[in-house]
**Student:** 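Structure provided below as structure tokens; questions to follow.
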Amino acid sequence: MISSNNKLDSRERRNKVVLLAEDLIKIYRTGESETQALRGVSLKVHEGEKVFLIGPSGSGKTTLVNILAGIDKPTSGKVFWEDLREDITRSSHEAIIKNRRNYVGVIFQDSKLIPHLTVEENIRLTAHYANLDSDETEKRLEFILKFMGIWEKRNKKQNKLSGGEQKRAAIASTLITNPRIIIGDEPTGNLDIVTSNKILDLLDKINVELNVALLIVTHSQLVAQRADRIIEFSDGVILAQHSKNIQLRELKRTRELEMDRQNRIHIPQSILEELNNPKHFTINLENKKIVLRPIYQQEDERENIG
Ligand SMILES: Nc1ncnc2c1ncn2[C@@H]1O[C@H](COP(=O)(O)OP(=O)(O)OP(=O)(O)O)[C@@H](O)[C@H]1O
Ligand SMILES: [Mg+2]
């Protein structure tokens with residue numbers, strides 16, 4: 001007999017939260033100007049979940065993942081890593097580096113190795129910075145190099161490796177510290193399609209076999225179709241979530257608008273434009289549906305007066 005648990009979808013089955021963000025706001029101030037890059041972002045990633053982050057250029061994706069990874073601080077808001085009790089936005093730089101090794105691995109589009117060191121030396125150096133003891137480093141090193149398919153390349157330096165091998169080595173460096181989640185900002189952005197696919201297969205393998213959650217920023221359809229869940233970002237807020245099988249060019253077909261912690265829902269810009277950008281609405285419940293009707297009256301009256 002099939003137990004009722006099997007009917008739960010992946011979101012419900014994975015209860016343990018590995019990453020939690022609450023009400024993140026980030027304001028960049030440069031001289032006179034001010035950019036609100038994050039305007040109140042809250043999210044959770046569960047153990048072993050594969051979440052992708054999409055959204056237009058400048059919508060705040062890099063700002064968000066840098067804050068979630070402890071690389072940058074928000075103007076306000078909180079970030080928690082799994083069972084670490086402290087809010088990492090208040091932790092010292094040293095505490096973040098120390099804690100990152102048990103919780104979070106980070107990969108960037110241009111993740112680089114240190115050029116005069118071999119692959120193995122690069123990974124050892126990461127382990128050293130993370131204060132991993134040498135027994136543990138030895139135990140994990142061979143496993144990780146083989147897992148990433150670069151055992152044969154362990155004594156090579158960066159200039160003797162292909163782009164894909166360099167990326168594997170960078171991911172291996174991240175894995176040596178045994179993170180619960182890998183955060184990536186367009187990690188395959190500068191690779192060709194074949195190499196990208198191989199790296200994505202490896203990330204899938206890390207996700208499934210090592211139960212490491214993934215939170216990956218992407219502009220690529222190729223990448224997005226591999227997600228458990230997709231978060232759509234727009235202008236510094238989470239606009240919507242999507243389940244599997246999305247088409248990046250047709251997001252409105254799969255969009256589930258997301259209510260934030262203050263019960264706010266953001267209406268997609270394309271819909272507002274189609275309605276001539278109304279500023280006021282009536283709201284009613286009709287057959288258990290929420291119906292918003294734009295009101296144009298005030299503007300019309302003002303125009304008449306003018
Ligand atoms: N260091 C900074 N100083 C000032 N403004 C910044 C800084 N970093 C980012 N911004 C601004 O914050 C907003 C969000 O930028 P962010 O890099 O997070 O966007 P993104 O979604 O990652 O874009 P892309 O898809 O192009 O990488 C943009 O308006 C950007 O110009
Ligand atoms: Mg970016």
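Just so it is clear, the values below take in all heavy atoms, side chains as well, and ignore hydrogens, waters and symmetry mates. Order of appearance sets the numbers: ligands from 1, and atoms from 1 within every ligand.
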**Student:** Which residue owns the protein heavy atom closest to atom 26 (O) of ligand 1, what's the atom, and how far is it?
**Tutor:** S57 OG, 2.5 Å
**Student:** Does any N or O in the side chain of N122 come within less than 3.5 Å of the main-chain N or O of L117, such that one atom is a donor and the other an acceptor?
**Tutor:** yes
**Student:** Looking only at protein heavy atoms, which one is nearest to atom 9 (C) of ligand 1, and how far off is it?
**Tutor:** Y28 CE1, 3.4 Å
**Student:** Judged on heavy-atom distance to atom 22 (O) of ligand 1, which of T62, L64, V65 sits nearest?
**Tutor:** T62
**Student:** Would I246 and E232 count as a side chain to side chain contact (heavy atoms under 4.5 Å, CB included) here? Give the steps.
**Tutor:** CA-CA 11 Å; I246 68 155; E232 185 185 357; over 6 Å; no
**Student:** Between N178 and N102, does the side chain to side chain contact (heavy atoms under 4.5 Å, CB included) criterion hold? Intermediate values first, please.
**Tutor:** CA-CA 6 Å; N178 206 10; N102 294 319; over 6 Å; no
**Student:** Is it possible for you to say whether I71 and L215 belong to one hydrophobic cluster, with membership spreading through side-chain heavy-atom contacts below 4.5 Å?
**Tutor:** yes
**Student:** Kindly confirm or rule out an N or O of T30 lying under 3.5 angstrom from an N or O of ligand 1.
**Tutor:** no
**Student:** Looking at atom 28 (C) of ligand 1, what's its closest protein heavy atom, distance included?
**Tutor:** G58 O, 3.7 Å
**Student:** List ligand 1 atoms under 4.0 Å from S59, heavy atoms only on the residue side.
**Tutor:** 19 (O), 21 (O)
**Student:** Do R226 and D201 sit within salt-bridge range, that is, some charged N less than 4.0 Å from a carboxylate O?
**Tutor:** yes
**Student:** Is it true that a side-chain atom of K167 and a backbone atom of P187 form a donor plus acceptor pair closer than 3.5 Å?
**Tutor:** yes
**Student:** L292 vs I283, test: side chain to side chain contact (heavy atoms under 4.5 Å, CB included). Steps then yes/no.
**Tutor:** CA-CA 5 Å; L292 293 176; I283 180 167; 3.9 Å; yes
**Student:** Are any of the heavy atoms in H219 under 4.0 Å away from ligand 1?
**Tutor:** yes
**Student:** Can you tell me if G55 contacts ligand 1 (heavy atom of the residue under 4.0 Å from the ligand)?
**Tutor:** no
**Student:** Of the protein's non-hydrogen atoms, which lies at the shortest distance from atom 18 (O) of ligand 1, and what is that distance?
**Tutor:** T63 OG1, 2.6 Å
**Student:** Is the shortest distance from atom 31 (O) of ligand 1 to a protein heavy atom below 4.0 Å?
**Tutor:** no
**Student:** Heavy-atom contacts with P56 under 4.0 Å: which atoms of ligand 1 show up? List them by number with element.
**Tutor:** 21 (O)
**Student:** Without swapping roles, check the side chain of E47 against the backbone of K16 for a donor-acceptor pair under 3.5 Å.
**Tutor:** no
**Student:** Considering only the protein, which heavy-atom contact is closest to atom 29 (O) of ligand 1, and what is its distance?
**Tutor:** T35 CG2, 3.6 Å
**Student:** What residue and atom, counting heavy atoms only, is the protein's closest point to atom 21 (O) of ligand 1, and at what distance?
**Tutor:** K61 NZ, 2.8 Å
**Student:** Salt bridge between R124 and E138, side-chain N to carboxylate O under 4.0 Å?
**Tutor:** yes
**Student:** Are V51 and L38 connected in a single hydrophobic cluster, I mean Ile/Leu/Val/Met/Phe/Trp/Tyr linked by side-chain heavy atoms less than 4.5 Å apart?
**Tutor:** yes
**Student:** Taking the minimum heavy-atom distance to atom 19 (O) of ligand 1, which of S234, G60, G236 ranks first?
**Tutor:** G60
**Student:** Under 2.8 Å from the Mg ion (ligand 2), is there any N, O or S atom belonging to T63?
**Tutor:** no
